[in-house]
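What follows is one structure encoded as structure tokens, with my remarks underneath.
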Amino acid sequence: MDYFTNLTLNGVAEGAIYAALALSLIIIYQATRVVNFAQPALALIAAYIALTVTTASGSYWLGFAAALVSGLLMGSVTERLLIRPVQKTSQLSAIIITLGLLLLLQGVAGMIWSNEPHSFSYPMDFEGRFSPADIFGVAAVLGTAMLLFALYRWTPLGLRMRAAAAHPEMARMLGVRVGLMLTLGWGIATVVGALAGMLAAPPFVYPNVLDSVFVYGLAAAVIGGLDNPFGSLLGGFILGISLSFVSGYLGPELMPLAALIILILVLSVRPDGLFTRPKARKV
Amino acid sequence: MASSQKSPATAAGPNVEEAARGSGGPRRLAERWRTLPMLPRHLIAACAAMIAVIALTSITDPGANLRLASIGFYMLAIAGLGILIGFSGQVSLGHGAFMFIGAYSTALFVIHMPMLPLWLNLALAVVISCLAGLIIGVVCARLHGPYLAGATLALAVAMPALANRFSDFLGGPNGLSFVMRGTPPALSDMVSNTQWQAWVVWLTVLIVLVFLANLSHGRLGRQMRAVRDDETAAALSGIRVARVKVTAFVVSAGCGGLAGALQAYLLKTATPSTFAVALSLSLLAVLVLGGLGSLWGALWGAIAMVYVEEWGDSLAHALTLDTNVANNLPHVLYGVLLIALVLTWPSGVQGILRQLGNALRSRGHSGNGTTSVPSTQQGK
Amino acid sequence: MSENALFRVEDLVASYGAVKALNGVSLSVAEGSICAVLGANGAGKTTLLRTVSGLKRADSGRIWLGDTDLTRCAPERLARLGVAHVPEGAGIIVELTVEENLRLGGLWRSDRAATLSSTYDLFPILRERRNQPASNLSGGERQMLAIGRALMCRPRILLLDEPSLGLAPMATRQLMDLIRQLCADTGLTVLLVEQNANSALSIADEGVVLNLGTIAVSDTADRLLSDDQMRHAYLGF
Ligand SMILES: Nc1ncnc2c1ncn2[C@@H]1O[C@H](COP(=O)(O)OP(=O)(O)OP(=O)(O)O)[C@@H](O)[C@H]1O
Ligand SMILES: [Mg+2]
């Protein structure tokens, strides 16, 4: 029973990370209909920046802030310079651009910080069952999700961002600066991605550290349904807990296989994810 | 008056022929070439390619032979992925999984049934990967965009994990190594082992490419394009969309599996790390790099797959860079190449070449002073 | 139609590739009046509105609102300058609720709360359904929502593209009366594109008939209504 509780709590902590990545993928997908495969690399660079700042200043939280800010900048720049030019062409172009960026940034990270692992500290004490670090992770992800919900639902800026994503041309006619909104969407999403990176990286950071987390994050987004941010949160926790059980009872090597099976089971019953609402009537 | 003015169509006939004849031998050959039926045309092209491979291997060293053979199986894998993406519009991130299946099937057959001849071994690998493609295709036929991407990406991650999990049977992280017969004894004086391997790989690859070329120009190819362009419209015009999509998946899985089998034949090993997600993503990337929608694009993609990394390595070597920089230069180079190409030339290398060819041809025509023949150019 | 008209279009040319959809269109609308733009399918009416609101680039020509040159202004700036455009098919954002659609119309204005309640007074049905998704609305309700949303930015000129599309004759009548009423009450200027020439001309002050991208006829609404020859030639009834 104790083991079971442990696994559940571990799963919740891991699930929070998947949920954060899923959320960052969904924000971008809803804004620009692009799956951002560069997300792990952007989060990776943010984590390395945090590492550098923390090492230089001695403060973990200064590094944490630096990671979030650099996430905002990197996301915005990526949208503006790389995604906008191909937005009107095929979706495949955008996918390939993000793949190219993934390779480029992981390579650059290796060039600057080397391919060897650096130790990366936890925000808080990480020992024991559901440690303060785990609690912080879950709380940070849930808090971020709430903040984002409030932003999108209740502020004029959020309304503009939703309008820009849903109907760019009409939004422009209503005075919304659509380009700016999409850039901002990418920026915000990459901040969330950077948060996920900060939570996922410890105890070591190296160029490929976030790859598997990203795969589970995408799986979580798909399980929850890409039209529903809450679905992606739930998807993250569902996947986190299930994989924790698989890893604990059957062995960690089976995690990828279990993720595939869960994904296939969910998608064969609901091809648009668990929590996608029926399509709205257009016109 | 009336008798001399026949219907315009019959009057135009001889003129066109005369124009073609007047412009000399090569043009006439080109005309002939275009009027040939599809299958012989593709067969002749394949024979020419095979001769070129044999000629190439006779002047190169063993390392280059291996690379040439690698280009062959990668081209096959990329072409298969091209069928799936370029024709039926399903973007798969898990193509490496089928290479994994093909490679491990071959390895297992060699280890457990060493008496199987190579061709039967390869054929069985194709059958097994087609079956896998059928299962995945049926599951994925209803999925769109990111959902398909997520599912196939999970597939690409899960396959190597399988090898680690069942390490007794699949060899764990070290994979499976085995021995295979090389050059037949009768030829061993004249033909080196790597030469023979390159020939076997390319012969297999070319046979399948002929099949793919025919398929993509035939009825199934048209149906796939219709599905890619507009699923609803295709369904309304009587195409069985799900079936076409699954077929595309099966064909592409078969190509991927055969490519993996050939890779195993070439390297005499099958290791999980070869088939990491990076492989699947690279296949997709070089497919676009080479140019979607034609087998030539697959060739350029395969060349990039084999050589970009190597050029990056030698460039780093030549510049005597810091090891951190040198180790990562190929990746960075790859990434920059991809981004730059998609931003400036989304139709890929083949798109550039085609444009160049068209420009040259139209200049050639105006130089001859003949009217330009509308070129009904086909991918190959 | 004079030099001091509020809204003026001078010699506007716009094309899709080689096809000139507008080929030297000039018109002017006095403040507080309604100008009906009529013409067959493909005459260039929608293109005219899209060019005015900056969605389509003009090849040449000028567009004036009072003393402001609107030519080549970005659409998002035009909204703030007082141009509101209700596109063909209303352009409701179905992912948002009714109220969110309305609020989107005048987000940058400080008096938006007051405008919102006066818009609800104008269209009580929208107040009833304020928290429902806009996708639930019927065609007529969508037109009301689109017009209400356009009014949220307190425009100086309202561009309406076939607002009667898909409406029953009765609803069309009510809609036209409402537009007339708005102009009378608030001094709004309207450029009204319509297929339904009779109902448009019945409320308009002036009318122009577009034909293949040029102005074929331009006159007061009354005279256009009574000119049988013109009606036969361009409007087909
Ligand atoms: N996006 C486009 N690309 C190419 N041609 C276009 C485009 N939009 C319109 N056209 C062409 O421009 C011309 C004018 O079209 P427009 O939509 O302005 O007509 P309209 O008067 O609004 O017609 P309707 O009454 O049917 O709405 C037509 O010949 C049309 O085919
Ligand atoms: Mg129109």
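Chain letters run A, B, ... following the sequence lines, proteins first, then strands; residues in each count from 1.
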Between C/R77, C/E100, C/H85, the one whose heavy-atom pairs under 4.5 Å with chain A are most numerous: C/E100
Most chain A-contacting option - heavy-atom pairs closer than 4.5 Å, from C/S53, C/P75, C/A79: C/P75
Neighbour count >12 (heavy atoms, 6.0 Å) for atom CD, A/Q91: no
Members of residues 102-122 of chain C whose heavy atoms come closer than 4.5 Å to chain A: C/R103, C/L104, C/G105, C/L107, C/W108, C/R112
If the contact rule is any heavy atom under 4.5 Å from chain C, which residues of [range] qualify, in numerical order?
range	answer
residues 71-86 of chain A	none
residues 17-27 of chain A	none
residues 167-183 of chain A	A/H167, A/E169, A/M170, A/R172, A/M173, A/L174, A/G175, A/V176, A/R177

